[in-house]
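Taking it in order: structure first as structure tokens, then the write-up.
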Amino acid sequence: MEAPFEYTINRKRIKNLRLTVKAPHGEVVVSAPRHVPVSTISAFVADKAAWIAKHRERLAGQPQPLAAGPEAEALRSTLKTNVPPLMEYWAQVMGVPMPTIAIRRMKTRWGTCNTTTKRVTLNLELARRDPSLLEYVIVHELAHLIERGHNARFYSVMDEHLPDWKHRRRVLNGTAAS
Ligand SMILES: [Zn+2]
């Protein structure tokens, strides 16, 4: 059976076939023991087609590393304008101190919150997403100033302030339509 995906074979001293879908572009790599024929590898990849498609879909929803350059700078200045009023609004509504704001290119996170220094870092990529998703990330990071962990208390803070936060998270992570 012909595999429906392009893939790279890495011959290794291992016992079993192993398949990896690599971030950020979803390249498929199969690590294979030296003696396993290509036909077996091809069948193995074909067998995993649904799994590969699902992983690629998930990767497509992940933040893509933006290259530094004029586009990134334009996006940064958009966020520098849009974020402070939104952050101020939500900090007041949620009763938390206004944090300092940093905007960075990040590969795996949409935002982070340092609860000690009260610093919220946002992924530059958010400038290219719907404003409702930026708002979701802001409320999420501010909620950490109330509760550090992702626990029941944290989620009840989210429910209280942004009742549709689960939908926004699904859209942000590429598992739902906007
Ligand atoms: Zn969090």
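We count residues from 1, following the sequence as given.
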_M158 vs V139, test: side chain to side chain contact (heavy atoms under 4.5 Å, CB included). Steps then yes/no._
CA-CA 7 Å; M158 292 301 294; V139 174; 4.0 Å; yes
*Go through M87 and V120 one step at a time and tell me if the side chain to side chain contact (heavy atoms under 4.5 Å, CB included) criterion holds.*
CA-CA 10 Å; M87 190 78 81; V120 167; 3.8 Å; yes
*asked:* One pair to check against side chain to side chain contact (heavy atoms under 4.5 Å, CB included): V21 and W51. What are the steps and the verdict?
replied: CA-CA 10 Å; V21 179; W51 183 86; 3.8 Å; yes
*Walk me through it: do L75 and L79 pass the test side chain to side chain contact (heavy atoms under 4.5 Å, CB included)?*
CA-CA 6 Å; L75 293 174; L79 283 187; 5.9 Å; no
*Is there a ring pair (Phe, Tyr, Trp, His ring centres under 6.0 Å) between H150 and H140 once you walk through the steps?*
CA-CA 10 Å; H150 293 139; H140 178 112; 5.1 Å; yes
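Listed here is the closest heavy atom pair of F154 and A143: CE1-CB, 3.5 Å.
Side-chain atoms of D159 and S156 form no donor-acceptor pair, as typed in the model, at a separation below 3.5 Å. Side-chain atoms of E141 and T112 include no donor-acceptor pair closer than 3.5 Å.
The hydrophobic clustering, which links ILVMFWY residues whose side-chain heavy atoms are closer than 4.5 Å, places M106 and W110 apart. Taking hydrophobic clusters as Ile, Leu, Val, Met, Phe, Trp and Tyr residues chained together by side-chain heavy-atom distances below 4.5 Å, V28 does not share a cluster with I14.
Counting heavy atoms from C-beta on, the side chains of L145 and C113 come closer than 4.5 Å. Two residues are said to be in side-chain contact when any heavy atoms from C-beta on lie closer than 4.5 Å; V29 and L19 fail this criterion. Looking at heavy atoms from C-beta onward, V30 lies out of side-chain contact with T8 at the 4.5 angstrom threshold.
Ion pair R168/E135 flagged as a salt bridge, since at least one NZ, NE, NH1 or NH2 atom sits closer than 4.0 Å to an Asp/Glu carboxylate oxygen. The pair E71-R128 counts as a salt bridge, with a side-chain nitrogen and a carboxylate oxygen less than 4.0 angstrom apart. The pair E147-R153 meets the salt-bridge criterion, since a charged nitrogen lies less than 4.0 angstrom from a carboxylate oxygen.
The distance from atom CZ of R105 to atom NZ of K107, rounded to the nearest 0.5 Å, is 9.0 Å. Note that CG of L126 is 12.0 Å distant from OG1 of T78, once rounded to the nearest 0.5 Å. One finds the OG1 atom of T121 at 10.0 Å from the CD1 atom of I101 (value rounded to the nearest 0.5 Å).
Between H161 and W90, the ring planes are perpendicular. Angles over 60° get that label, and only those under 30° would be called parallel.
R104 places no side-chain N or O within 3.5 Å of a backbone atom of L122 that could act as its donor or acceptor partner.
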